[in-house]
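Below you'll find the structure, written out as structure tokens, and then a few comments.
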Amino acid sequence: MDSFTSFLCLCSIIFQSISLIEAQASLCRTTCGDIPINYPFGIDDGCGSPYYRHMLVCSDLGNLYLRTPSGRYPVHSISYSNPHILVTDPLMWNCRDGDHFRPTRPFSLDTSTPFTLSSQNDYLFFNCSEDYVIVEPKPIFCERFPDRCDSSCDSASYLCRHLPECADALSASSCCSYYPKATESLRLMLRYCASYTSMYWKTVGSTTNSPYSQVPEYGIRVDFDVPVTTHCLQCQDPSKGSGTCGFDTQTHNFLCLCKEGNVTSYCKGHDISRHKRAGVIAGTVTGISAAGAIGIGIGIWVVKKVRAKAPVTCGVQSNENRIF
């Protein structure tokens with residue numbers, strides 16, 4: 001490979017690095033569709049908390065999805081004041097299915113993440129085999145001692161008798177309510193039941209003491225923790241520059257993302273240029289852009305002086321450049 005060909009290969013690498021930096025140096029997106037994306041979440045790598053990295057995905061159409069070991073689920077809404085995510089599972093039973101049950105899969109969460117299934121979820125199972133599942137009405141004392149009744153699926157459940165939005169959807173199928181404490185118990189139930197659905201209790205109105213302050217809706221409520229740190233609070237403080245909390249994607253160390261660059265504490269009152277990190281948002285060296293500019297200048301001079309006499313073989317084996 002001659003000197004001109006080597007130079008072209010070097011230029012190609014520099015241009016790719018510059019493009020990567022420009023893409024990663026953009027500010028973090030704060031919405032996906034009409035859903036706000038705030039700390040601890042981020043849909044751009046390096047934004048938010050590293051504990052939730054790659055958990056949320058925003059499609060080109062502006063649809064937000066939660067990624068779990070069992071698949072990708074459409075996000076209906078996110079609450080940051082009462083931290084939880086509401087997701088839907090298109091494969092779960094719905095009113096339109098009636099007595100026709102489709103193959104489904106058990107919803108699961110990665111136990112190593114700060115996500116947990118909310119206790120406000122209720123699960124209904126349909127057409128369970130009584131040879132393997134205890135299907136019976138739960139006695140009244142179960143309301144006071146629920147731990148003594150967690151082995152049976154309640155056939156007298158209020159939700160089975162009052163299916164939200166479609167009370168008469170089931171005409172020839174059985175229904176019972178059971179709260180699986182783990183993914184494995186949910187998977188086991190689905191082995192002996194035709195299908196299932198999940199509901200969460202949504203608070204309505206301004207009071208929670210009324211028996212009518214909560215209504216059931218189809219979906220899955222997933223609770224999450226907000227890992228607030230002193231660094232993040234200082235970074236977000238309006239008096240200190242209103243930065244965005246983020247992290248270095250290589251080291252996972254905290255970074256305060258500012259319009260002028262990234263710092264390790266907060267934006268206002270700092271010499272941003274002295275604190276620029278490897279990885280504006282995704283861990284690349286910002287100084288390479290200067291090297292790229294220098295390389296381009298040299299390239300223009302070399303192109304004028306040198307003529308290519310051989311085909312470009314960047315990364316391609318030929319008889320001239322093969323090692324053995």
Side-chain angles (χ1 to χ4, degrees), residues 21-58 62 64-68 75-87 109-120 200 203 206 208 221-287:
I21 290 171
E22 290 175 348
Q24 294 168 342
S26 61
L27 295 177
C28 303
R29 285 174 289 174
T30 56
T31 60
C32 178
D34 58 356
I35 299 178
I37 306 298
N38 301 330
Y39 185 84
F41 299 120
I43 51 179
D44 298 296
D45 200 11
C47 301
S49 168
Y51 295 112
Y52 293 99
R53 186 180 186 185
H54 302 317
M55 292 293 155
L56 295 180
V57 179
C58 186
L64 188 64
Y65 296 91
L66 172 67
R67 297 175 60 182
T68 80
V75 175
H76 181 266
S77 63
I78 301 178
S79 171
Y80 296 94
S81 57
N82 179 18
H84 68 270
I85 299 177
L86 297 178
V87 302
L109 291 172
D110 186 348
T111 56
S112 66
T113 66
F115 286 127
T116 56
L117 279 175
S118 173
S119 59
Q120 295 188 31
Y200 65 92
T203 301
S206 57
T208 58
R221 171 171 165 153
V222 178
D223 295 337
F224 64 88
D225 298 324
V226 181
V228 178
T229 64
T230 302
H231 285 307
C232 185
L233 291 175
Q234 289 181 339
C235 174
Q236 294 176 326
D237 190 342
S239 66
K240 296 186 177 181
S242 297
T244 300
C245 299
F247 59 93
D248 187 307
T249 57
Q250 292 181 344
T251 65
H252 284 191
N253 291 336
F254 174 81
L255 284 180
C256 185
L257 310 180
C258 311
K259 293 182 180 180
E260 297 81 6
N262 303 327
V263 295
T264 56
S265 52
Y266 51 88
C267 302
K268 192 174 181 179
H270 280 71
D271 184 358
I272 301 293
S273 62
R274 292 191 324 177
H275 292 281
K276 283 187 177 178
R277 289 287 198 170
V280 174
I281 285 182
T284 54
V285 180
T286 57

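Both backbone and side-chain heavy atoms feed into the values below; hydrogens, waters and symmetry mates do not.
The shortest heavy-atom contact between I85 and V75 is CG2-CG1, 3.7 Å. Minimum heavy-atom separation, C235 to L257: SG-N, 4.3 Å. When all heavy atoms are compared, the tightest approach of C245 to Y39 is CB-CD1, 3.6 Å. Of all the heavy atoms in S242 and P238, the pair that sits closest is OG-CA, 3.1 Å. Closest heavy-atom contact between P36 and Y80: O-OH, 2.8 Å. Y266 and Q234 get closest at one heavy-atom pair: CB-O, 3.6 Å.
The CD1 atom of I37 sits 9.5 Å away from the CG atom of D44 when rounded to the nearest 0.5 Å. A distance of 7.5 Å separates OG in S79 from CZ in R221, rounded to the nearest 0.5 Å.
Environment of CZ in R67: sparse, with no more than 12 heavy atoms of neighbouring residues, nucleotides or ligands closer than 6.0 Å. Around atom NE2 of H84, more than 12 heavy atoms belonging to other residues, nucleotides or ligands sit under 6.0 Å away.
Remark: side-chain polar atoms of D225 are not paired, donor with acceptor, to backbone N or O of P227 under 3.5 angstrom. Between the side chain of Y52 and the backbone N or O of F115 there is no donor-acceptor pair closer than 3.5 Å. With hydrogens and angles ignored, the 3.5 Å screen pairs a side-chain donor or acceptor of R53 with a backbone N or O of T249.
Between L109 and V222 the shortest side-chain heavy-atom distance falls below 4.5 Å. Side-chain contact between H54 and D45 is present, with heavy atoms from C-beta onward closer than 4.5 Å. Side-chain contact check for D110 versus T113: some heavy-atom pair is nearer than 4.5 Å. Inter-residue side-chain proximity for I78 and L64 is flagged as met; some heavy-atom pair is nearer than 4.5 Å. Side-chain contact check for C232 versus F254: some heavy-atom pair is nearer than 4.5 Å.
The ring pair (Phe, Tyr, Trp, His ring centres under 6.0 Å) search around H76 returns none, not counting sequence neighbours. Remark: F224 pairs with F41 by the ring pair (Phe, Tyr, Trp, His ring centres under 6.0 Å) rule, at least two apart or across chains.
For the two cysteine residues C58 and C32, the thiol sulfurs sit under 2.5 Å apart.
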I43 vs L56, side-chain contact (heavy atoms from CB on, under 4.5 Å): CA-CA, chis, key distance, verdict: CA-CA 6 Å; I43 51 179; L56 295 180; 4.2 Å; yes
Quick one, H231 with L233, criterion side-chain contact (heavy atoms from CB on, under 4.5 Å). Give me CA distance, side-chain angles, the key distance, then yes/no. CA-CA 6 Å; H231 285 307; L233 291 175; over 6 Å; no
Working for disulfide bond (SG atoms under 2.5 Å apart), residues C28 and C47: CA-CA 6 Å; C28 303; C47 301; 1.9 Å; yes
